Number of protein chains: 2
Amino acid sequence: MKKGSSASQYAILGFLGFGPMSGYDIKQTVERSVRHFWNESYGQIYPLLKRMSAEGLAVAKTERNHGKPDRKVYSITPKGKKQLQDWLAHPAKAQPSRNELLLKIFFSGKENSANDLRQLERTRAEHAALLSEYLNIESDLRHRRAPHPQLPYWLMTLDFGKRRSQAIVDWCDQSIKTLRHLSSKSPNKKRRN
Amino acid sequence: MKKGSSASQYAILGFLGFGPMSGYDIKQTVERSVRHFWNESYGQIYPLLKRMSAEGLAVAKTERNHGKPDRKVYSITPKGKKQLQDWLAHPAKAQPSRNELLLKIFFSGKENSANDLRQLERTRAEHAALLSEYLNIESDLRHRRAPHPQLPYWLMTLDFGKRRSQAIVDWCDQSIKTLRHLSSKSPNKKRRN
DNA sequence: ATGAGCATGTAACTGGTTACATGATTTA
DNA sequence: TAAATCATGTAACCAGTTACATGCTCAT
């Protein structure tokens with residue numbers, strides 16, 4: 001793995017692999033396709049595209065655009081394709097997970113039960129919503145993209161999202177139950193013996 | 001939420017809430033207790049402790065230590081306790097997830113099947129190992145820490161880890177099956193029609 | 001007229017990791 | 001005698017976010 005090339009660079013390379021795109025396009029595509037497990041900001045995309053074309057991994061072509069600003073459309077080069085394949089071939093390195101909600105619960109106590117419950121319910125709702133969103137995307141994908149050779153891979157990542165959200169929903173339900181049980185056994189304010 | 005105070009600071013405050021600790025102790029404790037959803041480096045801990053004691057959130061006491069280097073043991077102050085409680089009361093902000101493995105699979109195709117399978121099997125093994133580690137920790141905790149008032153909260157975070165790893169194992173199994181099926185339908189090298 | 005969408009880009013900042021320096025003691 | 005553990009700390013680096021600047025067009 002070459003030094004100075006971050007995962008963002010490979011992500012960009014990957015999207016250019018689908019076809020020529022501008023920085024703006026890449027951002028939109030990220031939002032529509034991999035948002036649930038990846039993100040990129042313009043502040044990352046534009047400087048990287050510049051650097052990558054200087055390194056010969058992509059080539060830019062400026063498209064004049066009536067009224068709207070010009071578009072700089074980048075295409076991946078053979079060298080870029082090779083670098084992408086190299087990256088794909090190397091084992092993915094696990095990124096350190098940091099989960100603030102878990103940290104708060106870890107430090108929590110009976111005093112914070114009301115707040116914990118609120119947070120768990122919010123989290124549950126978020127992931128329940130994601131879950132149904134994923135199901136919609138899935139059926140949409142299966143119909144609109146039926147013959148695309150990469151469809152199975154996209155569905156795999158979706159499946160991951162579904163399972164993760166389902167696991168979180170289940171965990172929230174269980175934890176909410178536990179918290180309620182806990183505070184009914186020894187209530188915060190009024191305690192009847 | 002005060003500006004300039006990162007989640008790391010609250011994590012440190014949280015651990016000091018369990019009792020006086022040195023920077024070294026905090027690091028060890030993080031490793032032993034919340035490693036599966038949180039991490040801190042010395043390069044983060046020591047400067048923060050310094051700053052926090054300057055801000056009156058903690059107080060340091062130097063312990064002379066025969067032979068070994070001196071220990072600077074920090075205790076949380078009432079002001080620190082208050083700030084910790086404030087943080088606990090605010091909803092946890094979701095940290096942007098970035099999953100390299102999913103990204104690679106998203107960009108993958110039949111050409112990379114062999115490599116994908118290797119990575120999925122590795123990931124599966126990792127999380128299967130974590131899973132049994134969690135189960136050990138759990139029974140250990142239930143016995144050794146049986147009467148601790150915060151035990152239920154620790155178990156909740158463990159439960160999260162268990163469910164997450166189980167979901168990942170399941171997803172790996174499913175994805176491996178899908179990949180094998182895929183390459184048996186249209187093999188990479190030799191194709192019989 | 002107001003705001004959303006299109007489109008590119010830079011600068012400042014922040015949060016965090018890694019590498020380094022130091023040095024005694026215990027264990028293999 | 002080599003390595004691990006104890007223990008603290010700094011400096012350099014890096015990746016990534018946020019805020020800002022610019023400006024046109026189209027729909028409300």
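None of the values given here were measured: they were computed from a predicted structure. We name chains A, B, ... by the order of the sequence lines, and we start the count at 1 in each one.
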Run the salt bridge (Lys or Arg N to Asp or Glu O under 4.0 Å) test on A:Asp159 and A:Arg163 for me, step by step, so that the C-alpha distance in whole Å, both residues' side-chain angles and the decisive distance to 0.1 Å come before the verdict.
CA-CA 6 Å; A:Asp159 186 38; A:Arg163 288 174 191 268; 3.1 Å; yes
Going by side chain to side chain contact (heavy atoms under 4.5 Å, CB included), name the residues that satisfy it together with B:Glu121, two or more places apart in sequence or in a different chain.
B:Ile176, B:Arg180
So, using side chain to side chain contact (heavy atoms under 4.5 Å, CB included) as the criterion, who are the partners of B:Ser8 when residues are at least two apart?
A:Arg98, B:Ser6, B:Glu40, B:Gln44, B:Leu48
Pairwise N/O distances under 3.5 Å, protein to nucleotides 18-24 of chain C:
none

Kindly write out the residues that satisfy ring pair (Phe, Tyr, Trp, His ring centres under 6.0 Å) with [X], not counting sequence neighbours, or none if the list is empty.
{"X": "B:Phe160", "answer": "A:Trp171"}
{"X": "B:Tyr134", "answer": "B:His36"}
{"X": "B:Phe37", "answer": "none"}
{"X": "B:Tyr153", "answer": "none"}

Would one find a side-chain N or O of [X] under 4.0 angstrom from OP1 or OP2 of [N]?
{"X": "A:Arg98", "N": "C:dG15", "answer": "no"}
{"X": "A:Lys72", "N": "C:dG9", "answer": "yes"}
{"X": "A:Ser6", "N": "D:dG16", "answer": "yes"}
{"X": "B:Asn39", "N": "C:dG16", "answer": "no"}
{"X": "A:Ser8", "N": "D:dG16", "answer": "yes"}

Atom pair distance, as rounded to whole Å: [atom1] in [X] and [atom2] in [N]:
{"X": "A:Tyr10", "N": "D:dG16", "atom1": "OH", "atom2": "P", "answer": "12 Å"}
{"X": "A:Glu31", "N": "C:dG5", "atom1": "CD", "atom2": "C1'", "answer": "15 Å"}
{"X": "B:Tyr46", "N": "C:dT17", "atom1": "OH", "atom2": "P", "answer": "15 Å"}
{"X": "B:Glu100", "N": "D:dG16", "atom1": "CD", "atom2": "C1'", "answer": "15 Å"}
{"X": "A:Ile45", "N": "D:dT18", "atom1": "CD1", "atom2": "C1'", "answer": "14 Å"}
{"X": "A:Gln9", "N": "D:dA15", "atom1": "CD", "atom2": "P", "answer": "10 Å"}
{"X": "B:Ile12", "N": "C:dG16", "atom1": "CD1", "atom2": "P", "answer": "10 Å"}
{"X": "A:Arg51", "N": "D:dC14", "atom1": "CZ", "atom2": "P", "answer": "10 Å"}

Under the salt bridge (Lys or Arg N to Asp or Glu O under 4.0 Å) rule, collect the residues that match up with [X], sequence neighbours excluded.
{"X": "A:Arg32", "value": "none"}
{"X": "B:Asp170", "value": "none"}
{"X": "B:Lys82", "value": "B:Asp86"}

Between B:Phe18 and B:Phe15, how do the two ring planes meet: parallel, tilted or perpendicular, split at 30° and 60°?
perpendicular
At 10 degrees resolution, what angle do the end axes of the helix from C:dA1-D:dT28 to C:dA28-D:dT1 form when each is taken over five base pairs?
40°
Which parts of residues 16-30 of chain A get close to DNA chain D, meaning a heavy atom less than 4.0 angstrom away?
none
Decide yes or no on side-chain hydrogen bond (donor to acceptor under 3.5 Å, both in side chains) for A:Ser22 and A:Asp25, but give the supporting numbers first.
CA-CA 5 Å; A:Ser22 68; A:Asp25 293 338; 3.1 Å; yes
Choose from C:dG15, C:dT8, D:dG16 the nucleotide whose nearest atom is closest to any side-chain atom of A:Arg71.
C:dT8
